[in-house]
Amino acid sequence: MRARITVDLDFVLSDLDRRVFGAFVEHLGRCVYGGIFEPGHATADERGFRGDVMELTRELGATIIRYPGGNFMSGYDWEDGVGPVAERPTKLDLAWFSTETNRFGTNEFIDWCKAAGVEPMLGVNLGTRGMDEARQYLEYCNHPGGSHFAELRRSHGYEAPHDVKFWCLGNEMDGPWQIGAKTAAEYGRLAHETAKAMRWIDPTLVLSACGSSHRQMPTYGAWEYEVLDRCFEEVDVVSLHTYFANKADEIDEYFGVIDRMDLFIKEVASICDAVAAKRRSSKRIMLSFDEWNVWYKANTIEHMRKPGWPVAPALLEEVYNMEDALIVGGALITLMNNADRVKCACLAQLVNAIGPIMTETGGPAWRQTIFHPFALAARHGQGRVLQTKIETPTVATKTIQDMPLLLASVTEDPATGRLSIFSLNRSPTETIEVDVDLHGFDARIELVEALELHHANLKATNSKAAPDTVVPLRNDEVQVSGTTLRASLKPLSWNVLVLQQVRTTQPGPGQHAHP
């Protein structure tokens with residue numbers, strides 16, 4: 001089976017916002033306690049941060065981390081998680097029917113982000129609380145001093161402000177499962193007033209309004225329109241959430257979730273533009289896909305709550321297999337190919353609860369299968385996304401008439417001359433021989449790296465006993481000749497090809513000045 005990808009340096013979709021390689025830490029199950037934070041663990045530092053998880057987070061390449069929720073956010077009192085640990089209250093968490101000790105809170109999260117080298121993203125509780133809580137929380141985090149809440153932070157040992165720039169205005173406020181769920185009119189008005197007050201404190205913020213909890217919500221579309229119609233002038237982005245499932249255990253149908261994710265993005269962008277058009281406004285609301293992942297095996301009631309209000313019970317501990325990794329790889333390609341509108345995205349979550357990293361409390365940590373496509377995309381997805389013309393065979397599925405068998409995204413970093421090609425072969429039986437035609441390059445092209453994620457068993461998993469069952473391997477079936485690349489992509493494989501532009505002469509007038 002043959003396919004062709006054509007790219008040209010002069011045809012750029014958009015700069016790639018590195019925030020699309022974000023992740024998510026919620027007070028849910030063992031994500032915080034036993035995940036990123038476990039005092040007494042053999043690898044823990046003096047603050048209780050697990051060193052093995054920290055190293056894997058750096059390797060994963062996450063750029064921004066959303067906190068403290070999720071559903072947890074809608075019942076969270078941020079004051080409970082600051083100040084002397086011994087004085088913090090223990091409370092019931094109604095989101096996950098757990099007991100929250102508040103040993104880990106905002107300042108610990110900021111310290112952890114600094115140690116991990118990631119940007120913090122915070123959310124404000126617009127479920128049980130509102131505008132006052134939000135502006136006070138922002139004052140605590142970002143105001144230098146001289147006010148009550150800024151001085152409170154300084155009294156807690158944080159002289160300099162945290163300077164958090166990205167803030168979520170609540171979480172899934174349309175969901176009946178949400179504490180303090182609201183109508184679009186109620187939420188849109190509250191989001192507007194909250195954002196307005198927060199901007200008066202810090203006008204440099206990026207503020208995200210809640211979109212629909214998922215595309216199947218009965219109010220989907222109408223929710224986005226009414227919410228944005230009420231808070232358009234005060235917000236920068238709207239959130240999208242989706243979780244992929246393979247409950248029918250049919251790989252062709254499972255792959256369709258990638259196409260529906262792409263459609264979801266384009267639909268919400270169109271709604272945002274419709275609200276702008278009503279105002280005759282040139283402002284463009286961008287998108288934050290701040291919850292996405294595979295999740296369907298560990299989502300029954302026994303996976304979401306345990307009896308007796310336990311502390312940090314094992315919840316949502318999805319075990320990912322090879323086909324899940326292919327889906328995550330395809331979703332990453334989709335996010336990059338929508339870089340003109342998607343400016344942030346968060347894989348949910350980071351550790352244990354539907355996470356790419358798994359740990360044993362008191363024991364080791366290991367990489368789940370989905371860790372690998374994310375880490376490779378975060379490492380090599382740099383610079384800008386080029387427009388691609390893809391000529392590929394298609395297949396008809398039950399829900400998609402013409403599903404392309406080859407998906408691809410191409411990024412180019414003008415600063416380094418690196419070109420990265422990410423591709424997914426969705427054929428279950430055939431190798432795709434793909435030719436990549438590179439136009440507009442005035443330098444010699446050299447192959448730097450060719451990796452494939454492939455396993456004969458789609459149900460293969462990584463575990464504590466066998467952590468490297470599914471790992472990226474070198475693809476030796478790649479050749480570069482001039483400005484053409486030819487590669488063999490195995491059936492059901494996710495691939496990354498990294499090229500380097502090597503200049504041999506100085507560029508002339510009008511030529512590209514790449515290294």
- prompt: For His439 and Asp10, what are the C-alpha separation, side-chain angles and deciding distance, and is it a side chain to side chain donor-acceptor pair (under 3.5 Å)?
  reply: CA-CA 8 Å; His439 295 177; Asp10 287 329; over 6 Å; no
- prompt: Going through the checks in order, is the ring pair (Phe, Tyr, Trp, His ring centres under 6.0 Å) test met by Phe104 and Trp112?
  reply: CA-CA 10 Å; Phe104 188 98; Trp112 183 87; 7.9 Å; no
task: Determine, stepwise, if the pair His27 / Tyr67 fulfils ring pair (Phe, Tyr, Trp, His ring centres under 6.0 Å).
output: CA-CA 8 Å; His27 285 251; Tyr67 175 88; 5.3 Å; yes
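Under the rule for a side-chain hydrogen bond (donor to acceptor under 3.5 Å, both in side chains), the partners of Asp163 that lie at least two apart in sequence or sit in another chain are Lys165. By the side-chain hydrogen bond (donor to acceptor under 3.5 Å, both in side chains) test, Arg279 pairs with Asp229, Glu233, sequence neighbours left out. For Lys389, there are no side-chain hydrogen bond (donor to acceptor under 3.5 Å, both in side chains) partners, not counting sequence neighbours.
A donor-acceptor pair shorter than 3.5 Å cannot be found between the side chains of Asn71 and Ser74. For the 3.5 Å distance criterion, the side chains of Glu412 and Gln501 qualify, holding a donor opposite an acceptor. Between the side chains of Asn495 and Asn425, no donor N or O sits under 3.5 Å from an acceptor N or O. Looking at Thr106 and Tyr137, their side chains do bring a donor and an acceptor atom within 3.5 Å of each other. A donor-acceptor contact closer than 3.5 angstrom is absent between the side chains of Asn125 and Asp77. Side chains of Asn142 and Arg153: no donor on one and acceptor on the other come within 3.5 Å. A side-chain donor-acceptor contact under 3.5 Å links Ser212 and Glu224. Side chains of Tyr158 and Asp111: a donor-acceptor N/O pair is present below 3.5 angstrom, by distance only. Residues Trp96 and Glu26 have side chains that bring a donor and an acceptor to within less than 3.5 angstrom of each other. The closest side-chain donor-acceptor pair between Asp324 and Tyr254 falls under 3.5 angstrom. With no hydrogens or angles considered, a side-chain donor-acceptor pair links Arg260 and Thr399 at under 3.5 Å. Between the side chains of Glu172 and His241, at least one donor-acceptor pair of N or O atoms lies under 3.5 Å. Using a 3.5 Å distance cut-off with no hydrogens or angles, the side chains of Ser213 and Asp174 do pair a donor with an acceptor.
Between Phe264 and Phe289, the ring planes lie perpendicular to each other; the angle is over 60°, past the 30° to 60° tilted range. Ring pair Tyr187/Trp223 is parallel by interplanar angle, where below 30° counts as parallel and above 60° as perpendicular.
Between Asp17 and Arg384, no side-chain nitrogen of the basic residue sits less than 4.0 Å from a carboxylate oxygen of the acidic one, so the salt-bridge criterion is not met. Looking at Glu234 and Lys196, no side-chain N of the basic residue comes within less than 4.0 Å of a carboxylate O on the acidic one, giving no salt bridge. The residues Asp273 and Arg341 are annotated as salt-bridged, a charged nitrogen and a carboxylate oxygen being separated by less than 4.0 angstrom.
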Side-chain donor-acceptor contacts of residues 328-336 below 3.5 Å, not counting sequence neighbours, with atom names and distances?
| from | atom 1 | to | atom 2 | distance (Å) |
| --- | --- | --- | --- | --- |
| Thr334 | OG1 | Gly330 | O | 3.1 |

Donor-acceptor list for residues 243-250 side chains, cut-off 3.5 Å, not counting sequence neighbours:
| from | atom 1 | to | atom 2 | distance (Å) |
| --- | --- | --- | --- | --- |
| Tyr243 | OH | Glu291 | OE1 | 2.4 |
| Asn246 | OD1 | Asp249 | N | 3.3 |
| Asn246 | OD1 | Glu250 | N | 3.1 |
| Asn246 | ND2 | Glu323 | OE2 | 3.3 |
| Asp249 | OD1 | Lys459 | NZ | 2.6 |
| Glu250 | OE1 | Lys398 | NZ | 3.2 |
| Glu250 | OE2 | Lys398 | NZ | 3.1 |

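Taking CG of Leu60 as the start and CG of Leu347 as the end, the distance is 7.0 Å to the nearest 0.5 Å. A distance of 8.5 Å separates CG in Leu407 from CZ in Phe255, rounded to the nearest 0.5 Å. Atom-to-atom distance recorded for Leu240:CG and Arg215:CZ is 11.0 Å, nearest 0.5 angstrom.
The list of ring pair (Phe, Tyr, Trp, His ring centres under 6.0 Å) pairs with a residue in residues 371-417, not counting sequence neighbours, is empty.
For Arg189, the CZ atom sits in a loose shell: 12 or fewer heavy atoms of surrounding residues, nucleotides or ligands are nearer than 6.0 Å.
Closest approach of Ala181 to Pro176, counting heavy atoms only: CB-CA, 4.3 Å.
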